[in-house]
Amino acid sequence: MFGKRLLVAGATAILIAGLGACGGGEGGARGVDPGAVTDAGQGSAGTAQEASPSPDTVSGLKDAVRHLAARTTRATRPHLVRKCTSATRQVRHTQRTGTGTHRTTRTWYTTERYQSCKKVRAGTETYTRTVRSQRWCVRLDDVEGDTARDDVWYQVTPAAYHEARGADERARLEFTPAGTGC
């Protein structure tokens with residue numbers, strides 16, 4: 001039984017190693033990371049190695065940045081405590097011995113102790129409730145090169161916010177938004 005399992009595990013390991021050596025992704029053999037972003041100005045134009053921007057990526061001219069701090073308030077909620085009660089129950093045990101016509105069954109009972117626990121309300125407690133989560137926003141003009149799309153707000157990651165904040169006014173920015181509006 002153990003030898004058969006060992007044989008199956010060995011065959012599986014060899015199969016996985018063989019498939020891993022073959023590669024399976026585009027660019028894996030050439031050493032190009034499929035998710036890497038390359039500069040469009042470098043390399044040979046029109047090759048398959050150049051990464052196109054993600055469909056979720058937006059670009060435009062920096063108009064403004066805004067950081068909205070988290071807004072919290074004090075609130076109350078029921079305070080739940082764990083209440084346990086001890087109890088006992090009778091447990092039946094049986095033991096069979098012998099075979100055929102000499103078979104006997106011995107039965108005995110023991111008392112088992114256990115605890116039954118549940119959560120019950122015991123007053124109230126105060127806690128800090130978040131009314132609005134923290135947000136980082138960037139406003140763009142000429143979104144995707146469309147001069148009619150101005151003053152569009154996007155929620156961004158903190159890293160993209162700090163990059164936009166450090167950029168010059170009216171600089172071209174490109175990022176993947178976390179959401180729209182601010």
Side-chain angles (χ1 to χ4, degrees), residues 5 9 12 16 20 24-28 32-40 51-95 107-182:
R5 287 183 185 170
T12 304
I16 290 172
E26 41 189 58
V32 176
D33 182 12
V37 178
T38 58
D39 188 5
S52 61
S54 169
D56 299 332
T57 303
V58 296
S59 64
L61 303 178
K62 174 187 168 183
D63 190 19
V65 293
R66 178 187 296 166
H67 174 246
L68 297 172
R71 186 176 291 162
T72 60
T73 186
R74 303 288 288 165
T76 58
R77 62 183 171 205
H79 181 66
L80 299 176
V81 295
R82 193 171 168 207
K83 185 177 181 181
C84 297
T85 57
S86 296
T88 60
R89 65 176 157 236
Q90 292 289 319
V91 180
R92 179 180 173 179
H93 304 277
T94 57
Q95 180 182 26
T107 304
W108 72 96
Y109 294 88
T110 59
T111 303
E112 181 182 86
R113 298 178 191 277
Y114 68 96
Q115 279 195 333
S116 175
C117 299
K118 58 184 176 181
K119 289 189 173 184
V120 295
R121 183 176 173 171
T124 59
E125 64 182 358
T126 59
Y127 70 103
T128 303
R129 184 171 63 92
T130 303
V131 177
R132 179 186 68 201
S133 60
Q134 184 170 221
R135 288 185 290 202
W136 296 269
C137 303
V138 175
R139 186 170 69 189
L140 295 179
D141 286 341
D142 298 345
V143 177
E144 303 297 337
D146 184 1
T147 55
R149 287 184 64 193
D150 288 342
D151 300 328
V152 181
W153 282 103
Y154 292 101
Q155 292 180 31
V156 295
T157 62
Y161 168 80
H162 290 298
E163 182 181 324
R165 189 170 180 220
D168 293 333
E169 196 65 32
R170 307 295 291 168
R172 178 156 293 281
L173 299 176
E174 185 173 330
F175 53 83
T176 302
T180 56
C182 194

Where do Arg74 and Thr128 land on the side-chain contact (heavy atoms from CB on, under 4.5 Å) test, with the steps shown first? CA-CA 5 Å; Arg74 303 288 288 165; Thr128 303; 3.2 Å; yes
Is the shortest heavy-atom distance from the side chain of Arg66 to the side chain of Arg135 under 4.5 Å? no
Within 6.0 angstrom of Arg113 CZ, more than 12 heavy atoms from elsewhere: no
Is there a donor-acceptor contact under 3.5 Å from the side chain of Lys62 to the main chain of Leu173? no
Would you indicate whether the side-chain heavy atoms of Thr180 and Tyr154 approach each other to under 4.5 Å? yes
CG of Leu61 to CZ of Arg139: how many Å apart, nearest 0.5 Å? 12.5 Å
Thr157 (side chain) donor-acceptor with Ala160 (main chain) under 3.5 angstrom: yes
For Cys137 and Gly181 the tightest heavy-atom approach is SG-O, 4.4 Å
Taking all atoms of both residues into account, what is the closest heavy-atom pair of Asp63 and Glu169, and its distance? O-OE2, 2.9 Å
The reported gap from CG in Leu80 to OG1 in Thr124 (rounded to nearest 0.5 angstrom) is 11.0 Å
Nearest-0.5 Å distance, SG of residue Cys117 to NZ of residue Lys83: 11.5 Å
Donor-acceptor check, side chain of Arg132 to backbone of Ala69, threshold 3.5 angstrom: yes or no? yes
Using every non-hydrogen atom in the two residues, find where Trp108 and Thr94 come nearest and quote the distance to one decimal. CZ3-C, 4.1 Å
Between Glu144 (side chain only) and Ser59 (backbone N and O only), is there a donor and an acceptor less than 3.5 Å apart? yes
Among Asp56, Leu140, Thr57, which one satisfies side chain to side chain contact (heavy atoms under 4.5 Å, CB included) with Phe175? Leu140
Could you verify whether a donor N or O on one side chain and an acceptor N or O on the other, from Thr130 and Arg71, lie under 3.5 Å apart? no
Could you check whether Gln90 and Thr111, counting side-chain N and O atoms only, form a donor-acceptor pair closer than 3.5 Å? yes
How long is the gap from CG on Leu68 to CH2 on Trp136, to the nearest 0.5 Å? 10.0 Å
Taking the side chain as every heavy atom from C-beta outward, state whether Thr72 and Val131 have any atom pair closer than 4.5 Å. no
Would you say CZ of Arg165 has more than 12 non-hydrogen atoms from neighbouring residues, nucleotides or ligands within 6.0 angstrom? no
How about CD on Glu163, more than 12 heavy atoms from neighbouring residues, nucleotides or ligands closer than 6.0 Å, or not? no
